[in-house]
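Worksheet: one structure, shown below.
Chain naming here is simple, since letters A, B, ... match the order of the sequence lines and numbering starts at 1 in each.
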Amino acid sequence: MEEGLSKSYEPKEVEKKWLAYWESNETFKAEPAKSGEPYAIVIPPPNVTGVLHIGHALNLTLQDVLCRFQRQQGKNVLWIPGTDHAGIATQNVVERQLKVEGKTRDDLGREKFIERVWEWREEKGGAILEQVRRLGASVDWSRERFTMDEGLTNAVREVFVRLYNDGLIYKGKYIINWCNRCHTALADDEVEHAPHKGNLWNIRYNLADSDESLVVATSRPETLFGDMAVAVHPDDERYTKFIGKKVKLPLTDREIPIIADSYVDMEFGTACLKVTPAHDMNDWELGKRHGLDVLQVINDQGLMNDECPKDYIGLTKEACRDKVVADLKEQGLLVGVEDLEHSVGECYRCKSVVEPHVSIQWFVSMKPLAEKARKAVPAETKIFPVQWEKTYYNWLDNIRDWCISRQIWWGHRIPAWECTECGELIVAVDTPTACTKCSCSKLVQESDVLDTWFSSALWPFSTLGWPEQTEELAKYYPTAVLVTGFDILFFWVARMMMLGLHVKEQVPFHHVYLHALVRDEHGKKMSKSTGNVIDPIEMIDKYGTDALRFTLTVFAAMGRDIKLSEKRIEGYRFFSNKIWNAARFALMNLPADLEYTEKVGPSTLADSWILCRLELLKKETKEALSQYRFNDMAQGLYKFIWNEFCDWYLELIKPVLYGEDSKKEQTQNILHRVLAETMILLHPIMPFITQEIWSALPSIAERDMAKLLYPTERLIKNNEKVCGDMQYFQEIVSAVRNIRTELGIEPARKLTAFIRVTNKEQEDILQENKHLLINLARLTEVSIGQNIEAIKASGSAVVQGSQVFVPLEGVINFDTELARLEKDRLKIEKEHTMLSKKLANAEFVTNAPKQVVEKEKEKVAELDEKLNKLGQLQTRLLEAMQENK
RNA sequence: AGGCGUGUAGCUCAGGGGGAGAGCGUUUGCUUGACUUGCAAAGGGUCGGGGGUUCAAAUCCCUCCACGCCUACCA
């Protein structure tokens with residue numbers, strides 16, 4: 001660093017260096033035995049198969065901002081990293097690999113296949129963690145977990161057995177969503193609905209004992225063979241006479257009853273509904289209500305089974321549909337066909353059409369668990385932003401039992417065994433050796449595995465060592481906050497709440513922060529197929545991690561999606577560079593042997609002012625983060641650094657730093673303080689650049705920024721006066737700059753200014769900072785006083801009552817200047833009229849709070865004065881024009 | 001169909017009962033001893049339409065229009 005910082009910020013080497021530093025020093029290793037209020041976050045475990053996408057980047061950045069900030073607050077922070085085994089997704093990856101070798105999983109057999117998945121996971125799985133690392137996530141790598149590691153597997157078994165013994169897990173025949181391709185059951189929320197174009201066929205069902213008939217409308221004629229009834233609405237007068245009679249099922253000899261149920265929509269189709277309990281969710285419910293049998297006609301491969309007439313057996317459901325339609329037509333039973341656009345369930349993994357399917361599955365009874373989870377919000381767990389509470393309640397209130405078994409191989413195998421001798425079902429944590437009932441050893445384990453979300457639901461306590469009573473568990477559970485996308489509020493968050501409350505009898509986290517989805521710049525969801533993904537690693541390579549992190553943070557406003565484009569990230573790279581150069585400037589002007597001390601106070605208005613602003617920034621940053629207002633935090637820092645520290649403060653102190661004034665040492669001290677503390681405030685969002693700058697600062701005791709505490713708050717004397725004075729000064733500078741550019745005065749031209757101030761205070765401010773005014777407004781000389789004579793041929797302005805004159809004898813364009821003043825005057829006049837009207841309104845004066853009325857009065861007086869003075873300036877200008885003619 | 005949400009400058013958005021804001025973009029000017037990834041200045045908005053509450057509405061309420069998401073889905 002001795003040779004100074006490079007001219008522009010080069011993130012690559014800096015990031016590499018500090019990542020290595022933090023890792024080798026184990027900076028982020030949590031120590032449960034140490035003091036400090038616990039603050040724990042568990043990472044939403046990304047899939048082992050995954051690559052980091054921009055949504056992860058947002059998710060991780062926000063968590064990291066919180067963790068780094070909370071360490072600064074003196075909390076004992078633990079952030080646990082890990083990955084999810086992602087049942088179907090991972091199995092698919094390995095199956096695809098096998099396919100290349102011309103094999104299927106059945107060729108290998110279950111055991112070998114699972115070995116193969118583990119091999120894959122050791123080799124290639126978890127590459128995402130390396131990407132998490134590059135994002136700068138301050139996780140405790142020594143505590144990395146995987147949802148299938150030994151400890152978590154124990155936890156899964158333990159919870160399963162407990163729930164079973166509590167009567168909350170049962171095995172049952174049920175209609176579930178079945179994916180023919182993945183060969184597994186899917187939970188309701190693993191099914192995505194998409195609009196499909198189809199047909200609505202009207203089919204005539206003849207009555208068994210008369211010549212009358214009913215016309216039934218269906219979009220799935222192939223399920224006809226499974227029909228167990230025809231339903232009509234009880235109030236539908238067209239059909240009441242048929243209720244209780246029977247119809248002959250077309251293409252078969254079977255007779256089925258006509259039943260009445262108010263589920264039937266009298267407006268839709270023919271208002272006659274064929275009821276197929278085995279192949280439709282609603283029909284299943286309907287069938288249960290009316291005691292209908294369940295007849296499956298499609299098997300789990302999507303083929304027609306032997307319950308169908310023999311011509312149809314073995315056909316695919318699609319081929320069967322065609323044949324049924326053709327045969328009905330031939331028999332004259334097809335009344336009509338209409339186009340129908342309806343939504344059809346698709347597998348969220350492979351997008352194939354989901355088939356409702358009856359089978360034996362394992363379920364968790366949700367009602368008792370949901371009740372507790374509902375009550376805990378918001379009393380014990382608060383959701384941010386609060387509007388998601390409603391969605392959460394709504395889901396819990398309408399919850400259905402959770403189908404947790406999956407017919408795949410990769411996952412936690414259900415800890416249940418059946419005795420082939422006596423049929424006894426044994427559910428146990430440890431693999432049983434003998435039947436508990438008949439003592440034989442012929443036990444066969446349940447072949448299904450658990451839904452991936454089952455293990456995820458235990459994540460907050462299983463990662464802390466449960467069921468062992470670890471000190472981590474004692475210290476960090478319940479965790480502080482869960483940060484995740486709202487899209488998995490049901491999949492994951494609600495289930496963690498339920499299981500946490502049931503198993504640990506405590507909520508898993510005190511806060512839930514649901515962040516937005518990252519979309520592309522047009523608001524579209526990013527997806528590989530659309531080709532609009534922004535790859536975070538590519539962005540890191542191009543612009544640096546800090547720029548990416550800052551962008552994500554500044555856009556993370558509550559309750560709105562983020563529309564992101566590369567241009568924005570590039571824009572915040574400019575911010576990195578600005579910070580870098582500000583620091584570079586500071587370091588060039590701070591002696592390497594500077595003895596920094598807290599005791600040095602401000603010596604100039606600029607010093608006092610920047611300290612005031614810094615105090616405000618500290619307060620606002622803390623306040624923003626306590627409410628998860630990440631964007632406010634980031635924006636506050638941006639404005640302070642760019643618009644206050646760089647644009648004004650650094651410019652204001654240049655003369656002091658370049659000179660040999662007695663104030664120089666004081667100012668250097670203040671500069672050091674402001675820069676150092678600003679870096680600490682920014683560090684949670686931009687850890688790398690701040691750390692690099694920090695380590696270059698003179699007189700620094702602790703090199704590792706991540707170990708620093710938040711700067712203490714200081715009381716600044718007269719802070720309102722200081723800010724007011726500074727604002728006055730800034731407005732004067734701006735007024736002169738404005739005159740120069742608006743009148744098109746060439747930059748080389750030397751200008752002087754005369755300022756007629758209204759009082760001693762204004763005079764003092766300007767006198768004390770006269771040389772700064774000359775510098776910033778690019779003047780050669782300025783005269784300040786309460787009795788300054790007006791100068792006619794000049795550009796002029798009114799600032800808080802002070803009149804500014806910039807003499808422009810010979811170069812002034814009177815018309816331009818006159819127009820400029822007029823524009824200003826009109827604006828003020830408009831405001832003045834509005835305010836006067838308001839004050840003339842008696843109701844306003846009596847009803848509005850006193851302070852408001854007072855404020856308005858003051859304002860109108862100010863405007864009055866300004867109007868007056870602007871008028872004077874115009875008059876003088878007109879006089880000068882006359883004289884010049 | 002129900003629920004939630006959004007509509008503010010050309011774009012992306014913040015704000016939210018009493019003076020319309022930011023960033024980017026645009027225009028103009030600038031080798032001002034950190035930064036052209038920069039500096040200075042400017043232009044730009046009946047805060048979606050209508051109605052109501054209020055002394056006062058971009059902000060609260062109602063309604064309409066447009067858009068988005070979620071949940072449930074009609075055979």
C1' spacing across the pair B:G21 / B:C47, given as an integer number of angstrom: 11 Å
Taking atom P of B:G19 as reference, at what distance in whole Å does atom NZ of A:Lys859 sit? 5 Å
Closest of B:U37, B:C69, B:A34 to the A:Phe486 side chain is B:C69
C1' atoms of B:C30 and B:A66, separation to the nearest Å: 45 Å
A:Glu355 bridged to A:Arg220 by N-O distance under 4.0 Å: yes
For the side chain of A:Gln387, starting at C-beta, report the closest nucleotide among B:G18, B:U36, B:C4. B:C4
Tell me every residue that passes salt bridge (Lys or Arg N to Asp or Glu O under 4.0 Å) with A:Lys838, counting only those two or more places apart in sequence or in another chain. A:Glu856
Pairing of RNA chain B as dot-bracket, 5' to 3': ( ) intra-strand, [ ] crossing, | other strand, . unpaired, with Watson-Crick or G-U pairs under 3.5 Å? (((((((..((((....[..)))).(((((.......))))).....(((((..]....))))))))))))....
Of the listed nucleotides (B:C74, B:U12, B:U37), which one gets closest to any side-chain atom of A:Tyr263? B:C74
Under 4.0 Å between a Lys/Arg side-chain N and an Asp/Glu carboxylate O for A:Lys542 and A:Glu566? yes
Between B:C35, B:A34, B:U37, which nucleotide gets closest to the side-chain atoms of A:Tyr658? B:A34
Return whichever of A:Asp632 or A:Asn589 has its heavy-atom-nearest nucleotide of RNA chain B closer to the 5' end. A:Asp632
Pairwise C1' distance for B:G7 and B:G50, with rounding to whole Å: 16 Å
To the side chain of A:Lys578, which of B:A40, B:C39, B:A14 is closest? B:C39
Distance to the ring centre below 6.0 angstrom and angle to the axis at most 45 degrees; does that hold for A:Arg737 and A:Trp648? yes
Salt bridge (Lys or Arg N to Asp or Glu O under 4.0 Å) with A:Glu858: which residues, sequence neighbours excluded? none
Taking only residues two or more places apart in sequence or in another chain, which ones pass side chain to side chain contact (heavy atoms under 4.5 Å, CB included) with A:Glu822? A:Arg825, A:Leu826, A:Gln874
Could you pull out the protein-nucleic contacts involving nucleotides 42-46 of chain B (nitrogen or oxygen on both sides, under 3.5 Å)?
{"unit_1": "B:A42", "atom_1": "OP1", "unit_2": "A:Asn738", "atom_2": "ND2", "d": "2.8"}
{"unit_1": "B:G43", "atom_1": "OP1", "unit_2": "A:Lys823", "atom_2": "NZ", "d": "3.1"}

Look at the side-chain N and O atoms of A:Lys654 and state whether any lies under 4.0 Å from the OP1 or OP2 oxygen of B:G33. no
Of the candidates B:A14, B:A75, B:A34, the side chain of A:Arg629 sits closest to B:A14
Considering only atom C1', compute the distance from B:A14 to B:A22 and round it to an integer number of Å. 7 Å
In 5'-to-3' order, the base (B), backbone-only (S) or no-contact (-) status of each nucleotide in nucleotides 20-29 of chain B, using a 4.0 angstrom heavy-atom cut-off, is ---B------
Do you see a donor-acceptor pair shorter than 3.5 Å between the side chains of A:Asp261 and A:His233? no
Taking the six-membered ring of A:Phe490, is the NZ or CZ of A:Arg495 close enough (under 6.0 Å from the centre) and on axis enough (within 45°)? no
For nucleotides B:U8 and B:A40, find the distance between their C1' atoms and express it as a whole number of Å. 28 Å
Using a distance-only criterion (donor-acceptor N/O pair, under 3.5 Å, no hydrogens), is the base of B:A34 paired with the side chain of A:Glu651? yes
If the P atom of B:C60 is compared with that of B:C24, how far apart are they to the nearest Å? 29 Å
Between B:A41 atom C1' and A:Arg778 atom CZ, what is the distance in whole Å? 13 Å
Closest nucleotide of RNA chain B for A:Tyr9 versus for A:Glu831: which of these residues is on the 5' side? A:Glu831
